[in-house]
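Let me begin by handing over the structure; questions about it come next.
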Amino acid sequence: MSDPVVDLRSDTVTKPSPAMRSAMAEAEVGDDVYGDDPEGNALEAEVAALLGYEAALFVPSGSLSNQLGLRLLVKPGEELACDSTAHVVRAELGAAATFSGITTRTWRAERGRLAAADVAEIITPDAGPYLVSTTAIAVENTHNFGGGTVQPAEEVRAVQELGRRHGLGLHLDGARLWNAHVASGTPLSTLAAGFDTVSVCLSKGLGAPIGSVLVSDAARIAEARIWRKRYGAGMRQIGIIAAAGRFALQNNIKRLADDHERARWLADQLGVAAGTVETNIVVLSVTDAPAVAAAARAQGVLVSALGPTFLRLVLHLDVDESGVERAAAVLRPLVTEAA
Ligand SMILES: *Cc1c(COP(=O)(O)O)cnc(C)c1O
């Protein structure tokens, strides 16, 4: 039998474990559009409490969660400020513009790392009748395309102060906030504090098959619930998937430390500079990323070529010790050749 495929394209490729599937099968369900799904309600209450917010809304994807948050903070014709490789501006297919009439202005951030000075330089609050006004700032933690960067707490605080001073909304794309929590040892509620809206994903490293959660105050979440239905994402017996999310919160947060350790080990094997791998993502620059990805695929190791020279490898709960060793053995000669 040939070795199983090692899939490092993303932490979204994780499949529900037998224990998670059994939690799903046993879930009590009701019609969530009527507010009757007990697992869905419990999940929302748990995530709100975990992140220190009043209320939460369960949605099918992180993109929808982000976009619901953003539309609550920025009106049509107004501007969102974010970094130029933020998921909200790079990987949501123009959703903020398409659905909410939001324009974006971006700052450049090395490895996605937040610096309040970069934000201060580009925002234009209350720009008057001719120039577009910035009305919200989005922060991403950890930073996906930056390579799993954990945002420096003092810079997050400085951006929040800047935003407050100018009356701007603050959104946190915390798709991998769990990883920032495990890597930094900072409580989730501290990492999530001080924003107006926060989005977290259950379907990444936590291993749930589907689902993200938006948290905010009760009034905003009530409004988001209306927009969720308007967008066609009012779901019914969501207990089956909410149970997977609750299982993930219970069982799969602490173990993210294993992914982080494997990511550091793999980076070391591939000659990636020590200290650049903070969580579960390894990014590296090669001369021909698609060629490396194709050659690795031919040997049963899947990686993402996210640009002509940009490779991303993501560790997750379906890649064990032997998987990461095999990935290193296959990738080492390829990236050395291509570097
Ligand atoms: C994955 C991800 C999302 C949401 O992605 P979906 O595929 O829509 O669930 C949002 N932000 C970041 C930073 C992500 O990595």
Side-chain angles (χ1 to χ4, degrees), residues 7-16 43 47 51 57-71 80 82-96 98-100 102 104 106 109 111-114 136-151 156 170-183 191-192 195 197-215 224 227-228 231-233 235 238 241-242 244-245 248 256 259 263 278-283 304 306-307 310 312-317:
D7 195 343
L8 302 176
R9 288 173 301 169
S10 175
D11 44 12
T12 56
V13 301
T14 52
K15 295 178 182 159
L43 174 67
V47 176
L51 300 181
L57 182 70
F58 183 46
V59 297
S61 75
S63 297
L64 181 56
S65 184
N66 277 334
Q67 294 302 326
L68 289 173
L70 294 178
R71 79 162 304 131
L80 171 75
C82 62
D83 83 87
S84 62
T85 61
H87 196 279
V88 292
V89 73
R90 189 180 181 217
E92 297 182 11
L93 301 172
T98 304
F99 299 130
S100 309
I102 296 170
T104 39
T106 54
R111 301 189 66 87
R113 191 176 305 283
L114 190 65
I137 300 167
V139 171
E140 188 172 312
N141 196 12
T142 66
H143 200 288
N144 179 349
F145 299 123
T149 305
V150 179
Q151 300 298 1
V156 173
L170 293 159
H171 176 74
L172 173 62
D173 179 357
R176 295 186 182 78
L177 199 65
W178 326 105
N179 297 84
H181 158 62
V182 167
L191 293 172
F195 292 92
T197 49
V198 178
S199 169
V200 288
C201 290
L202 304 166
S203 58
K204 302 269 164 85
L206 291 197
I210 190 169
S212 286
V213 181
L214 181 72
V215 302
W227 278 103
R228 181 185 67 171
Y231 283 173
M235 300 174 287
I238 61 169
I241 49 176
L256 292 171
D259 299 340
E278 298 178 43
T279 55
N280 66 324
I281 301 177
V282 180
V283 294
S304 286
L306 292 177
F310 185 71
R312 189 188 66 175
L313 324 175
V314 187
L315 280 295
H316 53 76
L317 84 176

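One-based numbering, in listed order, for ligands and for the atoms of each.
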Please work out whether any backbone atom (N, CA, C, O) or any side-chain heavy atom from C-beta onward of A175 is under 4.0 Å from ligand 1, and answer side chain, backbone, both or neither. side chain
If I take atom CG from residue N179 and atom CG from residue D259, how far apart are they, to the nearest 0.5 angstrom? 7.5 Å
So, regarding T12 and ligand 1 (criterion: nitrogen or oxygen to nitrogen or oxygen, under 3.5 Å), is there a contact or not? no
Side chain to side chain, L170 and V139, heavy atoms closer than 4.5 Å: no
Taking only non-hydrogen atoms of G62 and a 4.0 Å limit, the atoms of ligand 1 in range are 4 (C), 6 (P), 8 (O), 9 (O)
For atom 8 (O) of ligand 1, which protein heavy atom lies nearest, and how many Å away is it? S63 OG, 2.6 Å
For atom 3 (C) of ligand 1, grab the closest protein heavy atom and report residue, atom and distance to one decimal in Å. K204 NZ, 3.2 Å
Taking all non-hydrogen atoms of both residues, which atom of N141 and which atom of A180 are closest, and how far apart? OD1-CB, 3.7 Å
Report yes if the side chains of R312 and N144 come closer than 4.5 Å at any heavy-atom pair, otherwise no. yes
Both conditions, 6.0 Å and 45 degrees, for the charged tip of R90 above the ring of F145: are they met here? yes
For ligand 1, which atoms have a heavy atom of E140 less than 4.0 angstrom away? 13 (C)
Between H143 and ligand 1, find which residue part has any heavy-atom pair under 4.0 Å and reply side chain, backbone, both or neither. neither
Please state which protein non-hydrogen atom is closest to atom 10 (C) of ligand 1 and give its distance, to 0.1 Å? H87 ND1, 3.3 Å
Near S61 (heavy-atom distance under 4.0 Å), the atoms of ligand 1 are 8 (O), 9 (O)
Is the closest side-chain heavy-atom distance between H143 and T85 below 4.5 Å? yes
Which ligand 1 atoms are under 4.0 Å away from a heavy-atom of N144? 13 (C), 14 (C), 15 (O)
Residue portion contacting ligand 1 (non-hydrogen atoms closer than 4.0 Å) for N66: side chain
Would you mind checking which non-hydrogen protein atom is closest to atom 11 (N) of ligand 1, with the distance to 0.1 Å? D173 OD2, 2.6 Å
Of H316, K204, R176, which meets side chain to side chain donor-acceptor pair (under 3.5 Å) against D11? R176
Criterion side-chain contact (heavy atoms from CB on, under 4.5 Å) on V156 and F195, from CA distance to verdict: CA-CA 10 Å; V156 173; F195 292 92; 3.8 Å; yes
